[in-house]
Peer 1: 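I have a structure I would like to understand better, so I am pasting it below and will then ask my questions one at a time.
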Amino acid sequence: MPQKYPEYPGLNLPKIAAEILKVWEEQHVFEASVTNRDKCPSFVFYEGPPSANGLPGIHHVMGRTIKDIFCRYKTLKGYQVKRKAGWDTHGLPVELGVEKELGITKEDIGTKISVDEYNQACKKAVMRYTDIWNDLTTKMGYWVDKENPYVTYETKYMESVWWLIGELYKKDLMYKGYTIQPYSPKAGTGLSSHEINQPGCYKEVKDTSVVAMFRMNTNQKHAFSLAAEQYGEAFLLAWTTTPWTLPSNTALTVGENIEYALVATYNQYTFKPIAVVLAKKLIAYQFGKGFHSVETKIELDAYAVGDKSIPFLVLDNCFGKDLVGIKYEQLLPYCLPAENPEAAFQVISGDFVTTEDGTGIVHTAPTFGADDARVAAEHNIPAMLVKDDNGGLVPLVDLQGRFRKEVSDYAGMYVKNEYYEASEVPERSVDVLIAIKLKEDNKAFKVEKYEHSYPHCWRTDKPILYYPLDSWFIRVSGQKETMVALNNTINWNPTSTGQGRFGKWLENANDWNLSRSRYWGIPIPIWSTEDGKEKRCISSLMELKEACHHAVSAGVMKVNPLANFKENDMSAENYDQIDLHKHHVDKIILASKNGEPMKRELDLIDVWFDSGAMPYAQWHYPFENKELIDNNEAFPADFIAEGVDQTRGWFYTLHAISTLVFGSVAYKNVLSNGLVLDKNGLKMSKRLGNGIDPFETLEKYGPDATRWYMITNAQPWDNLKFDAEGIVEVQRKFFGTLYNTYSFFALYANIDGFRFDGPTIPVADRPEIDRWIISKLNSLIQDINEAYDAYEPTKAGRLVQDFVTDQLSNWYVRLCRRRFWKNDDAADKRSAYQTLYTCLEQVAIISSPIAPFFMDQLFMDLNRITSKSPFNSVHHCSFPTLNENELDRALESRMTIAQRLSSLALGLRKKEKIRVRQPLAQLLVPALSSEFSQSVREIQDLILSEVNIKSLRLIEDDGTMLVKNIKPNFKSIGKKYGAQMKGISSLVAGFSQEIIRQIEQEGHWVCTVDDAEVTLELADFEISAKDIPGWLVANDGELTVALDITITEELRAEGIAREFVNRIQNIRKEKQFDVTDRICINYSSSPAIERAIEANQSYICAEVLADELVLTTQFASQILIDIDESGDTKVDLQLVTK
RNA sequence: AGUCCCGUAGCUCAGCUGGUUAGAGCGCUACACUGAUAAUGUAGAGGUCCCCAGUUCAAGUCUGGGUGGGACUACCA
């Protein structure tokens, strides 16, 4: 065992971290922190799996610090906190990375490269960055089980996911339907809303927009029939930014309560007279430049072709509901809907119609708009679907984004020019061609470029289409109430995210579209017959094996690929022989009840389902570890934490799956943290090059300072403006101070051989200052405990920081320095050591969740010498408990008074330019009350030594010495006499000293304000001493001090002696004498200084460890020092050799 | 467009259930201290608490509206 507390040449946080890391690894400190708690209650934490195909950023340090803090804290609190790392391995980003790497596109899969090879490549790619991630995890001190992570591509994990799907299927929560979805023709895939909402996907684009004219059916009576007859042909105006959808129009949608108008005018392209219907509010918008309003038919008729401005005349008004049911002629009659064509081309109503732009009448193409599809379905309007060669119903645009042959004029053309190869882009896009055609046919009211934001495929960068796709859905919408009710039991931090952002999202939850037409992911385990009439959902490997067996005997499959799979064998060998990825399971043909072949539905499961399934799948539930979930040992989580961006991501999928399958929450406490921005408040991005490399940061500043900075600088849910300067400050301010405090302790404890081996002095028997810091420490423990329990790490960190810098270092240590190096009272010295030791040790424990490396070193440096704790690591300790007996609030507030009084006295010295080394005779303090006087008396020695004053006198108020100040106590008076407050306030301001004295004596005061009688008690005033006439006075709130600044000859001599000591100490230091070296001093100086030194000889000798202090003129060598203006002082210091 | 967060000193942030001198740290200026010393103390300068309106005796704090920044969500014709 080492004999001495280590002393360091300086604080090097990165070095400390590296060394501690070695210790952790060698001694398996993390593993032990979990196994040590084997019989303890568990605290369940879920690690949100990062996608292993990208590099970690500085924000990951933030998120993981938060997770780590609470896992470590709960461990200290005696819980067992198992935490599995996890990897999210499936999904589009992985596939795209691989495609880029291999130089292929989606179309090549299955031709140039087999699905088998492709998936192998994905599997390889996905773990490429694991080493880097693990490195970050290690270096930042994030404790999580990296050895046994859950990996979403592993067979066991996938089997659990299948089981969950099976449960949903059994509960009839899965259905197949077609919906309009964002679809990227170039990527050949539907996009999830998660993908569409990647930053940067919505882009400003300029599209050709058309206000098309839909000719109203003339042989039908309606609101505008009469008026329309007189003014030529009547049209409904509808606006679109996607003219290519016009051939697929089957309805027009109006708002029931929107007012519409019939307007007579002329077409600006054909100059034909027309009457048009549009929302009244939008007349001015549509009839802008080039039109003018007229009042009569005569003026309207006066128009001649070639006139600069076209007149328009408002004829009639009606509400949207009066338009519903009007039939109109098909705008571009290439073909008719295959089903129910007679119901097409009529006006319907919809709630989404606004009058913000356009015409207030919405062109409705149910095949290319989600709203359109919904509203059309509600009104039994057919979608423009035609029969393909196989008799299937298809929209007018194919999956590549080209018009089908039915649209004869544009057959084979891409509906967006962006889909062409650069060399093949036609001069005029379909949109433009359609616009021209409409203009020529008197069917276009207005054609113009329109700038709006439109979603783009985040991968191909091309605009997406809304397109009807077959999909499997989870019926989430029916469970909204349950989800909301369960959510209300979750403790969200901050609460607004849970109730607002997340709660609102749940209330509006749509069905979860589970299908992804990709390759690398978990296949949907549903097989169906050709006609789709029989379906089967497989929910385990054994079920699949048996189904295969049936299929083989039915003759639809030759061999059972799962023949060798053994039931109830959970070994890796048994599971590793099975791969459930697409390239394998798609080959499996099952058999229906009557022997027909059944093929798997081709889609994969949305990867978000993978991560939402982790509570169960990480344990291979229910095939293994069934009790962990069923007995709530590992479910639901006590705590999870991720960025706010996961609100609709992981937070949601966890919640949805647990609600639907288990009727439970998946987590009880959740903390969502904000973003990490650069120091200017901008988002970090590759483009701006303002990203911060986490490894560089950890390397340069060390993980402790980085973590501490990130946690204490801003509340976790606020965005953090990351500025490395801030870490430097934390290093210096907090770690530097704590390190100095330790160094101070180590220096003297080593000299004195303090090893905490004697009896521990009861706190009650220790001096006031020790009891004070111990009380403060207990208060800190209590407060910080509450902060951690409330998931407020920022508060916790700031509390420790204040304690260490302000209380422990700047007050306790500063005031106690002498007790450590010049103290003949062994008990007092021991008390000081024990007290400081305890503070350092406890600070190490309570701060260890945030700064795990430094605090472990601090703890070990102390504990290796004393063996006071049986544990070798701070992370194996127990969180200190509050010791009520050691709490002394009165002492704490007394000390606060001491600090404030000292500060006032020092302020006065400063103002008078009297240095602290010059002792003064007397400090006066007005006695505010007897309790106050008592308090001051108990702390007066501390104050006096701090400010170097000989005595403190409490001035009892005899009615003459003090000038008092009085203020109304607004809080207490406000309750009683709120309305009279202004009057009272001005009266009180005018109170004379006599009235104040009278109130103090009588204890109450009565007067009349605004005709109301007002009775005030003493407690309704704040009375303080403001001045002591004739003295030098300073005050701070209710505290006042006065200073006697007369310097007697004796005081002066003592001041000189102190100056002399100071010079000698400086010389000692310059000469690099050891702190304990003894010396002899020869000196000579001016008579005044010589006298002063002589008078204080023993004091000086004691201070500077001098055996002799000799006045002489004989110097072997000499140093000149300057004490005051009276003359030079010569000294010569000799080391006393032992 | 909706939902949520944020706006307090040059910078980073406190400010509890409304109470009359709005705080801290950093930075800046000046001075001091010194056997913890690349530390520390004291003082000074520095604020329309984003704006407007309301509630109230009293608003940084509560309410409404606006504005700026950010995030998330969205079917925008």
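Letters A, B, ... mirror the listed sequences (proteins, then strands); counts begin at 1. Predicted model only: the values in this text are computed from it and were never measured.
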Peer 1: At under 4.0 Å between heavy atoms, what does A:Thr240 touch on the DNA or RNA strands: base, sugar-phosphate, or nothing?
Peer 2: sugar-phosphate
Peer 1: Once ring-ring contact (aromatic ring centres under 6.0 Å, His included) is applied, do any residues pair with A:Tyr709, and if so which ones, sequence neighbours excluded?
Peer 2: A:Phe722
Peer 1: Taking the same atom, C1', in B:C13 and in B:G54, what whole-Å distance lies between them?
Peer 2: 30 Å
Peer 1: Side-chain contact, heavy-atom cut-off 4.5 Å: A:Leu808 with A:Phe803?
Peer 2: yes
Peer 1: Taking B:C11 as the reference, what is the distance to B:G46 when you measure between their C1' atoms (whole Å, please)?
Peer 2: 12 Å
Peer 1: Would you say the side chains of A:Glu7 and A:Asn750 form a donor-acceptor pair under 3.5 Å?
Peer 2: yes
Peer 1: Given the C1' atoms of B:C50 and B:U61, what is the spacing between them in whole Å?
Peer 2: 16 Å
Peer 1: Please report, rounded to the nearest Å, how far the P atom of B:G15 is from the CD atom of A:Glu792.
Peer 2: 9 Å
Peer 1: I need a per-nucleotide contact map over nucleotides 39-44 of chain B, read 5' to 3'. Cutoff is protein heavy atoms under 4.0 Å; write B for the base, S for backbone only, - otherwise.
Peer 2: SSSB--
Peer 1: Heavy-atom nearest nucleotide on RNA chain B for A:Trp717 versus A:Leu815: which residue maps closer to 5'?
Peer 2: A:Trp717
Peer 1: If you assign A:Asn969 and A:Phe502 each to the RNA chain B nucleotide with the nearest heavy atom, which residue ends up on the more 5' nucleotide?
Peer 2: A:Phe502
Peer 1: Please state how far atom CD in A:Glu725 lies from atom P in B:G25, giving the value in whole angstrom units.
Peer 2: 18 Å
Peer 1: For B:C4, what is the paired nucleotide under Watson-Crick or G-U wobble rules, both distances under 3.5 Å?
Peer 2: B:G70
Peer 1: With a 4.0 Å limit, can you tell me whether A:Thr241 has a side-chain N or O closer than that to the phosphate oxygens OP1/OP2 of B:A77?
Peer 2: yes
Peer 1: Under 3.5 Å, which protein N or O atoms sit close to an N or O of nucleotides 10-14 of chain B? Give each pair with its distance.
Peer 2:
from  : atom 1 : to       : atom 2 : distance (Å)
B:U12 : OP1    : A:Lys721 : NZ     : 3.3
B:U12 : O2'    : A:Asn713 : OD1    : 2.3
B:U12 : O2'    : A:Asn713 : ND2    : 3.0
B:C13 : O3'    : A:Arg798 : NH2    : 3.4
B:C13 : O2'    : A:Arg798 : NH2    : 2.8
B:A14 : O5'    : A:Arg798 : NH1    : 3.3

Peer 1: Can you sort out the partners of A:Phe214 under ring-ring contact (aromatic ring centres under 6.0 Å, His included), two or more places apart, ordered by chain and number?
Peer 2: A:Tyr328
Peer 1: To the nearest Å, how far apart are A:Asn673 CG and B:C5 C1'?
Peer 2: 13 Å
Peer 1: Just the rounded figure in Å: distance from C1' of B:A77 to CG of A:Leu282.
Peer 2: 12 Å
Peer 1: Using the C1' atoms only, state how far B:C4 lies from B:G47, rounded to an integer number of Å.
Peer 2: 29 Å
Peer 1: Please name all residues satisfying salt bridge (Lys or Arg N to Asp or Glu O under 4.0 Å) with A:Arg732, sequence neighbours left out, ordered by chain then number.
Peer 2: none
Peer 1: Please give, in whole Å, the distance from B:G19 P to A:Phe970 CZ?
Peer 2: 12 Å
Peer 1: With sequence neighbours left out, what residues match A:Tyr5 under ring-ring contact (aromatic ring centres under 6.0 Å, His included)?
Peer 2: A:Phe745
Peer 1: Between B:A53 and B:G10, how many Å separate the two C1' atoms, rounded to a whole number?
Peer 2: 31 Å
Peer 1: A:Asn513: which residues meet the side-chain hydrogen bond (donor to acceptor under 3.5 Å, both in side chains) condition with it, sequence neighbours left out?
Peer 2: A:Gln181, A:Ser471
Peer 1: Answer yes or no: are there more than 12 heavy-atom neighbours, outside A:Lys480 itself, under 6.0 Å from its atom NZ?
Peer 2: yes
Peer 1: Should A:Tyr652 be listed as having a side-chain N or O under 4.0 Å from OP1 or OP2 of B:U73?
Peer 2: no
Peer 1: Rounding to a whole Å, what distance do you find between A:Ile984:CD1 and B:A58:P?
Peer 2: 14 Å
Peer 1: Looking only at atom C1', what distance separates B:C26 and B:C51, rounded to whole Å?
Peer 2: 29 Å
Peer 1: Using purine N1 to pyrimidine N3 plus N6-O4 or O6-N4 for Watson-Crick, or N1-O2 and O6-N3 for G-U wobble, each under 3.5 Å, what pairs with B:U42?
Peer 2: B:A30
Peer 1: How many Å lie between CZ on A:Phe734 and C1' on B:C26, as a whole number?
Peer 2: 17 Å
Peer 1: Taking the same atom, P, in B:G15 and in B:G27, what whole-Å distance lies between them?
Peer 2: 23 Å
Peer 1: Could you let me know what B:A24 is paired to, Watson-Crick or G-U wobble, both distances under 3.5 Å, or none if it's on its own?
Peer 2: B:U12
Peer 1: Calculate the interatomic distance between A:Glu1059 atom CD and B:C33 atom C1'; express it in whole Å.
Peer 2: 11 Å
Peer 1: Could you tell me the Watson-Crick or G-U partner of B:C76, where both distances fall under 3.5 Å? Say none if there is no partner.
Peer 2: none
Peer 1: Taking atom P in both B:G18 and B:A58, compute the distance separating them and give it to the nearest angstrom.
Peer 2: 15 Å
Peer 1: Considering residues at least two apart in sequence or located in another chain, which fulfil the side-chain hydrogen bond (donor to acceptor under 3.5 Å, both in side chains) criterion with A:Asn493?
Peer 2: none
Peer 1: Does any donor-acceptor pair link the side chain of A:Ser809 with the base of B:A36 at a separation under 3.5 Å?
Peer 2: yes
Peer 1: Report the distance from atom CG of A:Asn948 to atom OG of A:Ser902, rounding to the nearest 0.5 Å.
Peer 2: 12.0 Å
Peer 1: Among the candidates B:A77, B:U73, B:G25, find the nucleotide nearest to the side-chain atoms of A:Glu729.
Peer 2: B:G25
Peer 1: Output all residues satisfying side-chain hydrogen bond (donor to acceptor under 3.5 Å, both in side chains) with A:Trp708, sequence neighbours left out; order by chain, then residue number.
Peer 2: A:Gln801
